[in-house]
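Here the structure comes first, spelled out in structure tokens, and everything after it is commentary.
Since the model is a prediction, treat every value here as computed from it, not as a measurement. Chain A is the first sequence line, chain B the second, and so forth, proteins listed ahead of strands; every chain is numbered from 1.
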Amino acid sequence: MNLSTAIRSGVTALLATGMMAAFSAAAETTAGASPTAEPASLGLLDQALMKLDEKSFTVGLAYLQVTYKSTHSGAAANAQITDNGAPSPILELNSKEKILHSWTLPLGGAIIGWDINASASVFDTRYQLVNSAFRGQDIGTRVSGGYLGLAPTLFMKMGPLYPGRDIYWKLGYGIGPALFQGSGTASFGGTIHDVGSSATTLAVYQAVNWQFQIDHWNLYITGKIVLPQGSERTSLEAYGAGVAYRFGF
Amino acid sequence: MMDKIRTYLYLCFIPATLFFSGGLAAAPQNGMGIYLGVIGASEDSVTSNGLSLGVDALFVIAPNWSLSPYLMISAERDTYSRTITDGLAGIALRRWQGDWFIGVHAFEHDRLIIDNGTVQNSAYGLSGGLTAGFEKPNGWGAQAQADLFESTYIRGTQRNALRVHLTYRWH
């Protein structure tokens, strides 16, 4: 089983688990629901407290432009193949947020913290950049594959934005190891070469996430770079925006 | 000559003292904001004009001080009739005096030049700038923002832009 197949299987399992967790959470909420609106102890001070995320997994949809870049050993030029932008699933496992330093704000707080995020994705790039910096052309080349990245992430988080509403802004940068598999063909100066490898290789994974967290929903602006280690100088870059739902567990 | 300079210094000193004393300031409030306005930009000898749109979230971090992460994008037309679009993800630090504010901002940007429907050039990097404006208690306001020294691929060539926005904030 190659990495893409493994990721797809993982996605199915993750979605199934997510749906079970969602139904389970809904059942617990219903069972624990009180006829009264709010406990009297939930005062202004409680509404202004910053909340940290527990362990969670995040499922959503992003619109990303993924670009595979490669410098073939036998060619002087490099090749960049993109998907010209496409919907892409967001699948992340997140550890509990930990505080490194915190400040109290007039409403809520700001923290510098860290957590660990695991992310999985597949890609299928088939438009090579020829005379445009962003938009590729179909010249018969194609690289596809997937990756699984794990990144300890340093982040800044502020909020809540309004009393009693879980609205936070969070900016994070993470770097860590990844498993990468990507292979196909690319044109170097008019000559088509095989690039990448069907074997899974170790890679360096970096992710920058700019997000607004609104209750369990996350609005993302995201950038990810995967740098496979090997003889070819190869990178996979993905930039875009998306929306995702966070399930705690 | 010295008298003129002295007069200008007094004229600057009085509003600056009022602004930074904070004694008369009404407290700014947290809230999400939307920005809609115009932009004028220059890059090397090429100028462009267009529309600018943004959103932010304002967090009060201390009395009379706020921090606003924001996203902004523009659609411009340059002197060669090309389409320019510049996307910003930034954060602004503001000092408030009543309804008025001045501040600085830092941002990551990506400027694209699109000609005949094709992206011809992309330039991105970290940059900074200045911001000033006001926001009334009913949510409406106006803001001017200078985006300075945005990097390009050409060494020594930088893009500078001025945006003027009508704003609305949900407190």
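For the ring pair (Phe, Tyr, Trp, His ring centres under 6.0 Å) test, no residue two or more places apart in sequence or in another chain qualifies with B/Phe59. Qualifying side-chain contact (heavy atoms from CB on, under 4.5 Å) partners for A/Leu154, counting only residues two or more places apart in sequence or in other chains: A/Leu100, A/Ile112.
When each of B/Ala57, B/Ala62, B/Gly31, B/Ala89 is scored by its heavy-atom pairs under 4.5 Å with chain A, the top score falls to B/Gly31. Of the listed residues B/Ile113, B/Leu58, B/Ile61, B/Ile91, the one with more heavy-atom pairs under 4.5 angstrom with chain A than any other is B/Ile61.
With contacts defined as side-chain heavy-atom distances shorter than 4.5 Å, the pair B/Val60/A/Leu105 does not qualify.
Contacts between B/Leu112 and chain A at a heavy-atom distance below 4.5 Å involve the side chain alone, from C-beta outward. For A/Leu161, the parts sitting under 4.5 Å from any heavy atom of chain B are the backbone and the side chain alike.
Annotation: salt bridge (Lys or Arg N to Asp or Glu O under 4.0 Å) contacts involving residues 65-75 of chain B, sequence neighbours excluded, are absent.
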Check: every donor-acceptor pair under 3.5 Å linking chain A and chain B:
unit_1: A/Ser132; atom_1: OG; unit_2: B/Val119; atom_2: O; d: 2.7
unit_1: A/Ala133; atom_1: N; unit_2: B/Val119; atom_2: O; d: 2.9
unit_1: A/Leu161; atom_1: O; unit_2: B/Asn30; atom_2: ND2; d: 3.1
unit_1: A/Tyr162; atom_1: OH; unit_2: B/Met32; atom_2: N; d: 2.9
unit_1: A/Tyr162; atom_1: OH; unit_2: B/Trp170; atom_2: O; d: 2.5

